Structure formats: structure tokens, C-alpha cells
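Take a look at the structure below.
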Amino acid sequence: LNSIDTHSQVCALQWNTHERELLSSHGYSQNQLCLWKYPTMQKMAEFTGHTARVLHMAQSPDGNTVVSAAADETLRFWKCFSDDAASGSKTKKAKESADGSG
């Protein structure tokens, strides 16, 4: 059994259908999404933008985009599983998505 301390509430989990990665969403204190390499559980990226706890996540039919719903009454769309994200620009993508332009 493997475990990792995320240092915040875990609210939801979503598997990447293309790679061996796991996306977790969080509440207090960061309200972020974290992308983990599986099975090493090395943190690959953080996606910030919500101002309250992330309540739910769903993956697009093509598996590239994840939408998160939070207690701040917003939906945010993240291209965290896309080919662009896999090329090493995940941190950049997180910032673009947080302001709604990604």
C-alpha cells in the first residue's frame, strides 16, 4: 500500500486515460488541483485558480480536459491531460487556465 500526504483536504480524484497519472482536487488550504505521476506519486504540476474548496471534477470525452466545480461557484476548465501538457508546459497551462484563457 502506498500513500502520500497532500497537506490539504482531498476532494476528488481523476485518472488520466492517456498516461499513468492521477489528478487530485483539494480544499483547505490551497483549493488546487495536483497532477501526480503514478505509481511513484511524484507531483508533476499544480493547478490553481479556485478560491474555495473543489467539490467535483469530470473529464471530457476525449480525455484531454478536466472541468472542476468549486464552492466559489465557478467551473474551471484545465487542459491538464492534453498533448501540450505532456510536453512539459503543465505549470504554464495551469496559470493560463486559472484566468479562464486556457
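As the structure is a prediction and not an experimental result, all values here were calculated from the model. Here, residue 1 is the first one in the sequence, and each next residue gets the next number.
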Query raised in the report: Yes or no on side chain to side chain contact (heavy atoms under 4.5 Å, CB included) for Ser25 and Ser68, after CA distance, side-chain angles and deciding distance?
Result: CA-CA 8 Å; Ser25 68; Ser68 56; 5.9 Å; no

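- Under the 4.5 Å side-chain heavy-atom criterion for grouping Ile, Leu, Val, Met, Phe, Trp and Tyr, Leu75 is not connected to Leu55 through any hydrophobic cluster.
- Atoms CG and CG, from Asn31 and Asp72 in turn, are 7.5 Å apart once rounded to the nearest 0.5 Å.
- Smallest separation of non-hydrogen atoms from Cys11 and Gly27: SG-N, 3.5 Å.
- Using a 4.5 Å cut-off between side-chain heavy atoms of Ile, Leu, Val, Met, Phe, Trp and Tyr, with links allowed through other members, Tyr38 and Val10 fall into the same hydrophobic cluster.
- Residues Leu13 and Leu23 fail the side-chain proximity criterion, which asks for heavy atoms closer than 4.5 Å.
- Considering every non-hydrogen atom in both Cys34 and Glu46, the closest pair reads SG-CG, 3.9 Å.
- Listed for the Arg76 side chain is no donor-acceptor partner under 3.5 Å among the backbone atoms of Val67.
- In summary, the side chains of His26 and Ser24 do present a donor paired with an acceptor at a separation below 3.5 Å, with no hydrogens or angles considered.
- Contact of the Ser8 side chain with the Tyr28 side chain is not registered, since no non-hydrogen atoms from C-beta on lie closer than 4.5 Å.
- Here the side chains of Asn64 and His18 are in contact, with some heavy-atom distance below 4.5 Å.
- Judged by distance alone, the side chain of Asn16 and the main-chain N or O of Leu22 form no donor-acceptor pair under 3.5 Å.
- The line from CG of Asp5 to CE of Met41 is 11.5 Å long, rounded to the nearest 0.5 Å.
- Scanning all heavy atoms of the two residues, the minimum distance from Arg20 to Pro39 falls at NH2-CD, 3.7 Å.
- Interatomic distance, NE2 of His7 versus CD of Gln30, reported as 10.5 Å (0.5 Å rounding).
- If you chain together hydrophobic residues whose side chains sit under 4.5 Å apart, Leu33 and Trp36 never meet in one group.
- The minimum heavy-atom distance between Glu21 and Phe81, with the atom names listed, is OE1-CD2, 4.1 Å.
- Using a 4.5 Å heavy-atom threshold, the side chains of Gln32 and His50 count as separate.
- A distance of 7.0 Å separates CD1 of Ile4 from CG of Asn2, quoted to the nearest 0.5 Å.
- With values rounded to the nearest 0.5 angstrom, Met44 atom CE is found 5.5 Å from Gln42 atom CD.
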